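Reviewing the structure listed below.
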Amino acid sequence: MINFNEIEAKWQKAWTDAKIFESEVSDSKSFMVFGAFPYTNGLLHVGHFKSYVTPEILARYKRMRGFNVLFPMGFHATGTPILGVVKKLKSRDRETVEEFTNKYHIPEQEFQKFEDPLYLANYFVGKFEESYKKFGLSLDFRRRFVTIEPIFSKFIEWQFGKLKENGYLIQGKHPVGWCFNENNAVGMDDILHGIAPEIEDQIAIKFKVDGEDAYVLCATYRPETLPGLTNIFIKENATYALCKINGSKEGYYISRAAAEILKHQMKIEVVKDVDYKDMLNKVCISPIDGRKVPVLPGFFVKENIGTGIVMSVPAHAPFDYAALERLKQNGIKVPEPIKIIDVEIGSKLGNANSAQSKPVHIDIPALAYLEILNKDFNSAEDDLELATKLAYKEESHYGKMTAKGYEGMSEPEAREKIGKLLEEQGNAIKIYVLQNAPLFCRCGTEVVINLVDNQWFINYGDENWKKAAREELSEMLVLPGKSAKAVQDAVDWLNLRAVARSQGLGTRFPYDKNYMIESLSDSTIYPAFYTIVNLIRDTEPDRLKPEFFDYVFLAKGNIDDVSKVTGISYETIKKCKESFEYWYTTTTNCTAPEHIFSHIPMYLFNHCAIFDKKYWAKGLGINGMLLMEGEKMSKSLGNVVPIEEAISKYGVDPIRMNMAASSELYSDANFSVAAINGIQERLSYIQDAILNVDTLDANELKQIDYWLYSKLNKKIRDATPFMDIMETRDAYMQIFYNSILELKHYLARGGKNGIVVKDYLSAVSLMLQPIAPHCAEEFWHALGNTTFAAKEKWPEANEQMINEKVEKQEDMLDAIIGDAKQAIALMERKSGKKVKEIKIIIAENWKRDINNMLATEKNAGKVYEKIKESNELDKQAAADYVRRLSKKLNEVKEVNLTQEDEITILDEAKEYLQKSIGCKIVIESESTSKSERAKRSMPMKPSLDAIF
RNA sequence: GCAGGGGUGGCAGAGUUUGGCCAAAUGCGGCGGGCUUAGGACCCGUUUCCUUUGUGGAUGCGAGAGUUCAAAUCUCUCCCCCUGCACCA
């Protein structure tokens, strides 16, 4: 078995010493590829490497194809996660302490240092780099940077200056989950149990109160049901309030609790509290038809959701219907439902939605949906909820409006029309609701929605900008092709992006220093920074003025002025510009599917907003994640394997091969110890084969030698296109797994030509280089070479050496062996006697003619005609034969071997056949054979007769 | 709800663009056998059902319907699963 760790250390040192991955501007064609930023709030595990394997293979492959390759990496540390870790560490959170001690091996006395977020980030960055080196990645480490470095911040400030200049930074209101105790925006990480706030916008409709200069506000998702309004519901025993909203003259009735929640979205001034009993005495007027409706108590109304008041549409809302029926039962006079949507109740729901009974009251859909479920107005709230869902689903998908003015419209159409109408008339207010309320901040305070004023946005909705991004995408190569559609949709979908954050690490927002730049927005054009970071590493950050970046990235201004203004040397500025312009014309971004609706469109938009078209994004590779033995990796499952541990246990190359060969580009790969063991053994098999090459001789080439050359060249020809589109799995099926099988077949067939085997192994070793670089170097050198495999050329296929005829002949042999074994087993089982000999009976040449006729004509009739005309053929036998073949006409292939050819081939391979089949072999022709089975023989498929 | 991806044999996963050579590649697992002191190594066979000295038959690729001489593949309807939806990176 190969000692993987030993050869890893050896070759990693050799590559580093030779500096072969440090890329400089040169005359060769450039190629730049990079993987997604890893996030630095913990240690690397094997999963992190999956996303770097694809760009790594591409980088190594492209070098072999003659490109000058830049493969850099940087680290992401902006945003809140690192602060989160620090916070937990400070409070000595048990889990975090455990992680630091047991997993990261950091002694407790050092914890204090890690309470500084920068220290923590840098510590892990250092660890990451060590791991990357141990993984043998062909990265140019001189270009490493972290997104919280001052020089990077200068770059980001420049970027935002450009966005501002172009008018892409705008300000506006933005709803966000908020904790008023800490006075902070809260996201998933800040909320108890890690739940993300779900914010939805609703419309609050104003209902004039008869005889008062005041309105009742009802929040609703379905304004289109307004024509079906019969009354207003409030909650019994709740306190209501008369308010002025945004300094209005008129008053608004909402619940006291709602006033508390909504005051962060609008200015609310409570004039007086109102008892619910007073509310019940009011009469409200519908804004669209002027109908007067009563206010009634609804058992299901929640005072702290929406406005604490809802409109009632009993014909279509099961809750409303149930509430009215319950009131009726208590002798209260209630209005009759008004049906406004026509729908075939239950027709589209299918069995899965547990529709059980036929509805009777189809004139009241709300009741009908309860009937379907065998429920009624007294049923539990869960059942009413289910009926509501069914009603909503079917009515909005298949229903047609019957209400006057909206006849025939679908519900969504009507919703939009009525919503727009109400807003235009000033009869509705937009409000935001926390869909999954109540949520609590980790500090214990309830989370509410705060409508933040003057939030900064990047306006990705800008039509001209979007047009440019679409153009950029259309000219970009997206791999795999099937993900292109999703990227397209993401570009179309991206709209306003809130870009200023109240907390987190990173770069301060240049136009309001109280805020930080949001952490995805500072990682969009970062790859451009790779092209210069090694040149400005020691530059004073303050010197990196906009003029410098303008000149380097946009060729604005002249070098002498820039040098004077910034104090950066002429030489450095010149080199930076050259480097950017050289590398940035071909970039391939390898990233994960989860970035399709976030990072990827932003990456595209920012490139076309800032750079000249020449430097827009060129390539995108979307690669899947890593599963652990078929399961998702997660802390809770305890199946996260630290990378160092994996490397020392299994070796780098087997891990890399497992990652690259166990899945296609887009799908998740599976880390599997069984698969890794298989890889280790196969690599060792190749090594053994290489060490044994010298024991072989170098005689004249035989059929099996041509066969191996044919397989090799076909392999090169077929695997190369897969490498070009990053389908490493398909490529390495051929390069790796099939090579083992071919070598084994070659040796079993008696192949023993040292030169042939060496040619074969040399090419295979080189093709293994991108994926298993350490083994490839080892093999390459063991084969007597002194150059680096990493610097060699990718093998070229020699089409002349591809020999279909020889391959078919070998296939024939294997088929014969298989058939013979099967026949022997069968016969022995049946007769109880041992088979002594197998007769292989070769078909006559006239059968070949018929095969060829059928293969070209694909029509049995025509062939019968020809047989009739023929003088040479035995007409009866020929017709029988055609009949047999015609059953599977499509399988009949042209035959290019004569009977004599076949006999010669089988004779040559007789020894192999005898050994494989395990008994004596006799070869005879159909016409001379005395066997009954002789006439069953077919070209390339001889008849077999077992002799006892 | 909206958007994207998907549903294939015990499992994983090809095949779908361009319908036929597809009982369906490949890998894993199971079973049987060989090699062996032994084997988790390797080799051979088998792994829907029936039948069997076969270029045999039936059923079959989420469900249903349709187009066709012919459907995993095309059309329509339905069901289900995964992912994302913005102070998360």
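Each chain gets a letter, A, B and so on, in the order its sequence line appears, and its residues count up from 1. All figures in this text were calculated on a predicted structure; none of them were measured in a lab.
At the phosphate of B:A89, OP1 or OP2 sits under 4.0 Å from a side-chain N or O atom of A:T80. Residue A:S502 places no side-chain N or O under 4.0 Å from the OP1 or OP2 atom of B:C87. Side-chain nitrogen and oxygen atoms of A:H174 include at least one within less than 4.0 Å of the OP1 or OP2 phosphate oxygen of B:C87. Dashed line: the shortest gap from a side-chain N or O of A:K744 to OP1 or OP2 of B:C42 is not under 4.0 Å.
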Pairing pattern in dot-bracket form [Watson-Crick, G-U; both distances under 3.5 Å; | = partner strand] for RNA chain B: ((((((((.[[[..)....(.....]]]((((((.......))))))((((..).)))...[[[[[..)....]]]]])))))))....
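If you check every strand for non-hydrogen atoms under 4.0 Å, A:Q503 touches nothing. Note on A:A675: nothing from the nucleic acid sits closer than 4.0 angstrom, heavy atoms only. Here A:V186 lies in heavy-atom contact (under 4.0 Å) with sugar-phosphate atoms only. Residue A:I596 is classed as having no contact, given no heavy-atom separation below 4.0 Å to the nucleic acid.
Between the side chain of A:K50 and the main chain of A:F671, no donor-acceptor pair closer than 3.5 Å is present. Within the 3.5 Å criterion, the main-chain N or O of A:A77 finds a donor-acceptor partner in the side chain of A:T147.
Summary of the strand contacts: A:S519 and A:R497 both lie near RNA chain B, and taking for each the nucleotide with the nearest heavy atom, the more 5' one is attributed to A:R497.
We find that A:K714 and A:E742 are not joined by a salt bridge, their nearest charged nitrogen and carboxylate oxygen being 4.0 Å or further apart.
Of the candidate nucleotides B:C87, B:A3, B:U26, B:U26 has the atom lying nearest to any side-chain atom of A:M733.
Between A:K715 and A:S739, the side chains place a donor N or O and an acceptor N or O closer than 3.5 Å (distance only, hydrogens not considered).
Partners of A:Y432 under the ring pair (Phe, Tyr, Trp, His ring centres under 6.0 Å) rule, at least two apart in sequence or in another chain, do not exist in this structure.
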